[in-house]
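All heavy atoms count here, side chains included; hydrogens, waters and symmetry mates do not. Index from 1, following the sequence.
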Amino acid sequence: MATTDIRLKRIEKEYQSVRDGQDDILDRIDTYEEALLGLNQTVVANHEWTRRQFAEIRRDVSDLNEKMDRLMAHLNVPPKLPAGFVPD
């Protein structure tokens, strides 16, 4: 039974090696998860910012259209002719 201690130490080292490998893999998964969560938060923030910007642009365009209509009415500008193909 002189080899029992050697075998137990070998098993312990193999076990520790497997555990170390698993820990490395799990640490990498945690890092990837953190990165994905950060990217997801960035996408959500950018989406909200873009939505607000488009809403502001739509408001500005609507205001400009109203001002242009009032100006054209004030200057008695005739209505715009239809664009595109007009059948005879």
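- Between the side chain of Ser17 and the backbone N or O of Lys13 there is no donor-acceptor pair closer than 3.5 Å.
- Counting only residues at least two apart or on different chains, no salt bridge (Lys or Arg N to Asp or Glu O under 4.0 Å) pair has a member in residues 68-77.
- Checked by atom type and distance alone, the side chain of Thr42 pairs as donor or acceptor with a backbone atom of Gly38 at under 3.5 Å.
- For Glu48 and Arg51, the salt-bridge test passes: some basic side-chain N is under 4.0 Å from an acidic carboxylate O.
- Note on residues 23-38: no pairs pass salt bridge (Lys or Arg N to Asp or Glu O under 4.0 Å), not counting sequence neighbours.
- The number of heavy atoms from other shown groups lying within 6.0 Å of CE (Met72) is above 12.
- Thr31 OG1 to Leu26 CG: the interatomic distance, rounded to the nearest 0.5 Å, is 10.5 Å.
- Here the CG-OG1 distance, from Leu8 to Thr3, works out to 9.5 Å after rounding to the nearest 0.5 Å.
- No chain of hydrophobic side-chain contacts below 4.5 Å, direct or via other Ile, Leu, Val, Met, Phe, Trp or Tyr residues, connects Met68 to Leu64.
- Atom CD of Gln22 is surrounded by more than 12 heavy atoms from other residues, nucleotides or ligands within 6.0 Å.
- Evaluation of the side chain to side chain donor-acceptor pair (under 3.5 Å) rule for Arg52 yields no partner, not counting sequence neighbours.
- For the atom pair CD (Gln16) and CZ (Arg19), the distance works out to 8.0 Å, reported to the nearest 0.5 Å.
- For the atom pair CG of Leu37 and OH of Tyr32, the computed distance is 15.0 Å after rounding to the nearest 0.5 Å.
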